[in-house]
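Only this structure's heavy atoms are used, side chains among them; waters, hydrogens and symmetry mates stay out. Reminder, nothing fancy here: chain letters follow the sequence lines and each chain counts from 1. Bear in mind the structure is a predicted one, so any value in this text is a computation, not a measurement.
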Amino acid sequence: MLMQKCKDCTTKCGAASSLSPEQMEVMENNSVEVHFRKGDNIFRQGALSLNIAFLKSGIAKIHMHGPAREKILRIVRAPSYLGLPTSLGDKINQFSASALADTSVCFIDISLFRMLIYNNGKFAYEIIVELCQNELNDYQRYTSQSQKQMTGMIAETLLCMSEKIFKDSKFIFPLTQSELGDMVGTSRESVSRVLSEFSSDKIIEISGKEINIINRDLLKQISEKG
DNA sequence: GCATTAACCACAG
DNA sequence: CTGTGGTTAATGC
């Protein structure tokens, strides 16, 4: 498999930079880079997990089949690991990851990854920090979701996309309205109504999939007041 | 009661 | 896939 060498890779995560040259070489010999198209499944809930997936470029969604419908757990921007909890916490994937745009993903052999954690404290520490940050974000979002009403949730999600994922007021929204509904726990009709309401109130501008946040302060208020 | 919120259904671009 | 209208149920003055 033709691939770029890990040590020359410019999209290393924080943790990988604490690997020794020898460890880096082992990593190179035990990982492959795979490209995905928009919409492709990267790994699937219910399937056996033998690799750690690292999102090298692009953007992906983490999602789970719930008892009633699909639930989008998180949107992930490269560079980031995609499924550490499901890869290390269980042999079977507890959730799926799918590409929201063209992406490239490095799959790292799980036993090698485990070895790196055992043998390199700094590497392990960086991984733990990433897991902790994700957990804090998740707690934050689940608390919001159980207490905010849907306009607040949608405002929060738009702000999060703008600030954390795209780092711009103007961005191409990567989900369909139905998927946004799956993300905040509401129906696609409600999403459609809230978005057109925000648009007619001049809080955002929508043209196709492009969203431009015009009145960020008001959007923040809506997000905070629920 | 009356208002608000949001889900579900249907139908049309 | 999206936008909208009608209907219905739950909840809160």
Side-chain angles (χ1 to χ4, degrees), chain A residues 35-46 55 57-78 82-83 93-105 137-226:
Chain A
H35 296 275
F36 292 93
R37 298 300 207 131
K38 181 184 167 85
D40 287 348
N41 196 253
I42 297 171
F43 57 80
R44 192 180 298 277
Q45 180 174 354
L55 184 64
S57 69
I59 179 168
K61 65 173 177 179
I62 303 292
H63 53 115
M64 188 177 224
H65 297 297
R69 71 187 79 257
E70 192 75 1
K71 168 77 184 170
I72 295 185
L73 299 167
R74 221 142 66 75
I75 303 298
V76 184
R77 183 191 96 254
L82 279 180
N93 289 324
Q94 298 294 301
F95 51 79
S96 303
S98 305
L100 291 175
D102 292 355
T103 61
S104 77
V105 176
N137 278 333
D138 289 344
Y139 288 165
Q140 158 72 49
R141 273 181 313 108
Y142 291 139
T143 309
S144 285
Q145 205 179 121
S146 60
Q147 293 175 17
K148 285 182 182 180
Q149 33 183 70
M150 108 214 155
T151 52
M153 273 317 293
I154 292 176
E156 179 179 312
T157 307
L158 291 178
L159 286 169
C160 173
M161 290 275 185
S162 162
E163 288 164 9
K164 305 222 174 111
I165 306 282
F166 296 101
K167 302 181 194 306
D168 195 348
S169 293
K170 203 177 187 184
F171 53 92
I172 306 291
F173 196 74
L175 302 174
T176 66
Q177 294 192 4
S178 170
E179 285 175 315
L180 179 52
D182 289 340
M183 188 166 171
V184 303
T186 190
S187 64
R188 64 154 256 281
E189 292 98 323
S190 295
V191 171
S192 168
R193 285 184 175 109
V194 172
L195 288 181
S196 40
E197 187 189 322
F198 284 173
S199 172
S200 59
D201 291 348
K202 306 279 177 245
I203 298 170
I204 60 174
E205 253 170 20
I206 306 176
S207 55
K209 301 252 77 177
E210 185 179 276
I211 289 190
N212 189 7
I213 297 178
I214 311 166
N215 193 340
R216 182 172 297 268
D217 290 342
L218 189 48
L219 198 57
K220 271 191 179 136
Q221 277 180 39
I222 294 169
S223 167
E224 281 157 19
K225 299 219 170 110

Round to a whole Å and report the spacing from [atom1] of [X] to [atom2] of [N].
X      : N      : atom1 : atom2 : result
A:L195 : B:dA6  : CG    : P     : 14 Å
A:K38  : C:dC1  : NZ    : C1'   : 12 Å
A:R188 : B:dC9  : CZ    : P     : 12 Å
A:I206 : C:dC1  : CD1   : C1'   : 14 Å
A:Q147 : C:dT11 : CD    : C1'   : 17 Å
A:I154 : B:dA6  : CD1   : C1'   : 11 Å
A:L100 : C:dC1  : CG    : C1'   : 16 Å
A:Q177 : B:dA7  : CD    : C1'   : 16 Å

Under 4.0 Å between a side-chain N/O of [X] and OP1 or OP2 of [N], yes or no?
X      : N     : value
A:T151 : B:dT5 : no
A:K209 : C:dT2 : yes
A:S196 : C:dT4 : yes
A:S190 : B:dA7 : yes

Among the nucleotides [options], which one has an atom lying closest to any side-chain atom of [X]?
X      : options              : result
A:R193 : B:dA10, B:dA7, C:dG5 : C:dG5
A:R69  : C:dG3, B:dC8, C:dC1  : B:dC8
A:Q149 : C:dT2, C:dT4, B:dT5  : B:dT5

task = May I ask you to say what A:S187 touches in the nucleic acid, namely base, sugar-phosphate or nothing, with a heavy-atom cut-off under 4.0 Å?
result = sugar-phosphate

ask   = Going by modelled atom types, is there a donor-acceptor pair between the base of B:dC9 and the side chain of A:E189 at under 3.5 Å?
value = yes

inquiry  = Using modelled atom types and a 3.5 Å cut-off, is there a donor and acceptor pairing between side-chain atoms of A:S199 and backbone atoms of A:E205?
reply    = no

Backbone N/O of A:S223 and side chain of A:K148: donor-acceptor pair under 3.5 Å = yes

message = Can you confirm whether A:H65 sits close enough to A:E70 that some side-chain heavy atom of one is under 4.5 Å from a side-chain heavy atom of the other?
response = yes

query = Side chains of A:F173 and A:L158: closer than 4.5 Å at any heavy-atom pair?
reply = yes

message = Less than 4.0 angstrom from a charged side-chain N to a carboxylate O is my criterion; do A:D182 and A:K71 meet it?
response = no

